[in-house]
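Lettering of chains follows the sequences in order, A, B, ..., and the numbering in each one begins at 1.
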Amino acid sequence: MRRPGSSKRGSEELEAWMDTMVVLDAVNEETAERATVRERTALNRWRPRWLNVPRTTSRLTVIIPAYNESGSLADTIRSLRTQTVRPDEIIVVDDCSTDRTGEVARALGVTVIRPRANTGSKAGAQNVALSRVQTELTMALDADTTLAPDAVEKLLAAFDDPQAAAVCGSVIPRYVRTVWERGRYIEYLFAFTFYKPIQDYYEKPLISSGCFSMYRTTALRANGGWSSRTMAEDMDLTWSFYQAGYRVRFVPEAVCYPIEPHDFRFMRRQLRRWSHGFVQNVRLHWRGLFRVPYLRSVVAVALWDALMASFAYFLLVPLLVWRVSPLFLFCYILDTPAVLVPVLTSAVKRNEVRRALTSIPAFWVLRVVNGFFFIKACWVELILRRPLHVYEKGH
Amino acid sequence: MNVGLPGTGLGGLFYLLTALLMPLLELAQTIRGRSNAGRWRRVATQCALAIGILAGLGVAGLALDSLCASSIVSRIHVSQFHTHQPVTRLLGMTPTLLSLITLSLLLAVVEFLHLMLGWSHRR
C-alpha cells in the first residue's frame, strides 16, 4: 500500500485528501446543516484507493417512521451514518410520540417531521415524509432496526435494473435471548436462507420487508405511496408492484437487525398484525395475483399451508395422539431435520451454531402460536367480516 | 413465515421442487447466453440445500418408521403378517405421496382459475 506524500503526485494527492477530509468533517458534524451537493460530488469523485472513505450518495433518502422509539432510534441513525455509502438525507417522522423520540432525532442532526396528529399507522407516517423526498431512491427503515455497514451499498446495486421498483435484504433479529426472539431467529434463518433466494431466482420475492427496503421513488409515488388499507403495508406494496409490471429483488448480503418482540404480549400484537395483514392482502389482491406467474403459486401454497397447519396442530394431531398413539406428538417436530439444514448452513457462516441449535425448541413453540393467530385471523376477517384496522406495533 | 404441516407441508415441498428445477432452467438460460457464474453459484447453493433437506426428511422418515410404525401396526392388528415392513414402508411413503398429490391438485386449481379469470376478462 503506497504511502501518500511520498512523491510529487503523492503530495498533490495528500493535499486533495486534506481538502476532502475537511468536507468529510463538515458532513460528519452533528448539526442540522448538510454539506452541499457540490461538496459531496467532489468527495465522491475523488477517493484515494488507500483511504476507505465512506461515500455519500445523492440518490437516496431514508424515511424512519417512529412512534415512541427513543430507546432504539439513536442506534438506527448511527448505523446509517456509518454505512459504506451514506444516504443523502435521513427523515425521521415523529408520529406524535409521547417520549423523547423527536429530541433524540434532532440531537443527531437528521430531518424531523412531526405531523399535527398521529397518522395511525406506519404507512401513514411514511407517506408524510414521502412528499418531501427529492431523490431517485427512497429507503424505509424501522426505528428499531440497525444495518450491516454495507447494507445500503448492496441494495443500491440492484437498481441498475431499470425495472426494479423495490429491493430488500436479509433480516436477523438483533437480540436472541427470549423464547420469542429465538423462535423468530430460526424462522428468519430458514426463510432468508432457503425460501427467499428461491423466490428471488424466479423474480418473485413474496414481500419486500417493511423494516428495511429500498424503493424507486417514481414507482412508489405512482402507487400512491404506502397504503394503510391493510395491516401489512409492505406486502400490499410488493404485490401492487408486481401487478404494475415492476420487479422486486432480494439481496441476501444486505443485512438488517431489527429488535423482535421479546415477550408474548408484544409477539401477540405482531402476529395478529401479520396474520390479519396476510389475509387482508389475499382478499384485496387475489384477482390480480392470478396474473403474476409463480407468485400466484407461492401465495396459494402459503395460504393452504397456514390453514392446514392450523388444522393439523390443533385438531388432527391431538386427535391422533388421543385415539391412536402418544407418539404422534412427534408430528410437531418431525420436520426438524429438514428445517435444520438451511438454518445450520446459515448459522455456520455466522458462527452461531450453538445459538441456532438451542433456539430450535423455541421455533416449535412459535410456529404453533403462529398457527393459532392465523386461524383466528381467517375467522375474524373472512367469517365474521371484522377487519383489523388498529395498527399496534410489536413493541 | 408460513407454517408447514410437519412432514407433509406443501410449502416445503413446493420450494424443494422449484429449487431442484433451478438447474434445468439455468441451463436453458445459459444456452440463451443469459447466465453467468454468479447465477450458477446461487442455483448450486439452493439445490444443495434442497438435497440436504431431502436427506433430512429421509432421516425423519426413518424415525417415523422405527418409532411410530410398530405402535400403529399393533393397534391395527396386523400381527398375522410375517413382517410389518411393507406396511411401515407404506406408512413412510404415504405422507409424501399425499403431499405430492395435494400440491399437484392445488397448483392445477390455481392455473385453472388463472385461465378462467383471463378468459372472463377477455370476454
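- With chain A as the partner, the residue from Ala55(B), Gly52(B), Gly58(B), Ala48(B) showing the most heavy-atom pairs under 4.5 Å is Gly52(B).
- For the pair Glu111(B) and Ser297(A), the minimum side-chain heavy-atom distance is below 4.5 Å.
- Heavy atoms of Ile51(B) lying under 4.5 Å from chain A are absent altogether.
- Here the CZ atom belonging to Arg291(A) is positioned 10.0 Å from the NE2 atom belonging to His114(B), to the nearest 0.5 angstrom.
- Here the side chains of Phe290(A) and Val110(B) are in contact, with some heavy-atom distance below 4.5 Å.
- Neither the backbone nor the side chain of Phe311(A) comes within contact range of chain B, judged by heavy atoms closer than 4.5 Å.
- When Met22(B), Glu26(B), Arg42(B) are compared by the number of non-hydrogen pairs under 4.5 Å with chain A, Met22(B) comes out ahead.
- In this structure, the portions of Leu113(B) lying under 4.5 Å from any heavy atom of chain A include both its backbone and its side chain.
- Shortest non-hydrogen contact noted between Thr18(B) and Ile198(A) is OG1-CG2, 3.5 Å.
- Contacts of Thr45(B) with chain A are absent, with no heavy-atom separation under 4.5 Å from either backbone or side chain.
- When heavy atoms are compared at a cutoff of 4.5 Å, Leu54(B) does not approach chain A at all.
- Looking at Val109(B), neither its backbone nor its side chain comes within 4.5 Å of chain A, counting heavy atoms on both sides.
- Closest of all the heavy-atom pairs between Pro337(A) and Gly56(B) is CB-O, 3.3 Å.
- Lys154(A) NZ: 12 or fewer foreign heavy atoms inside a 6.0 Å radius.
- For chain B, the nearby parts of Val298(A) are the backbone and the side chain; heavy atoms of each come within less than 4.5 Å.
- Contact annotation for Leu25(B): both backbone and side-chain heavy atoms come within less than 4.5 Å of a heavy atom of chain A.
- Contacts with chain B were tallied for Arg287(A), Gln199(A), Arg184(A); Gln199(A) has the most, counting heavy-atom pairs under 4.5 Å.
- Neither the backbone nor the side chain of Trp364(A) has a heavy atom closer than 4.5 Å to any heavy atom of chain B.
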Exercise for the section: Before giving the answer on side-chain contact (heavy atoms from CB on, under 4.5 Å), spell out for Thr102(B) and Trp304(A) the whole-Å C-alpha distance, their side-chain angles and the decisive distance to 0.1 Å. Expected result: CA-CA 10 Å; Thr102(B) 311; Trp304(A) 173 276; 3.3 Å; yes
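- In this structure, CG on Leu117(B) lies 11.0 Å from CG on Leu289(A), to the nearest 0.5 angstrom.
- Only the side chain of Thr345(A) has a heavy atom closer than 4.5 Å to any heavy atom of chain B.
- For Thr336(A), no part sits under 4.5 Å from any heavy atom of chain B, backbone or side chain.
- For Tyr15(B) and Phe190(A), the ring centers are positioned 6.0 Å apart or more.
- The parts of Leu49(B) that come within reach of chain A are both its backbone and its side chain, each placing non-hydrogen atoms under 4.5 angstrom from that chain.
- The two atoms that bring Ile53(B) and Pro342(A) nearest to each other are CD1-CG, 3.8 Å, heavy atoms only.
- Across Tyr201(A) and Arg39(B), no two heavy atoms sit closer than the pair CE1-NH2, 3.6 Å.
- Panel note: side chain Gln46(B), backbone Phe194(A); a donor-acceptor pair is recorded below 3.5 Å.
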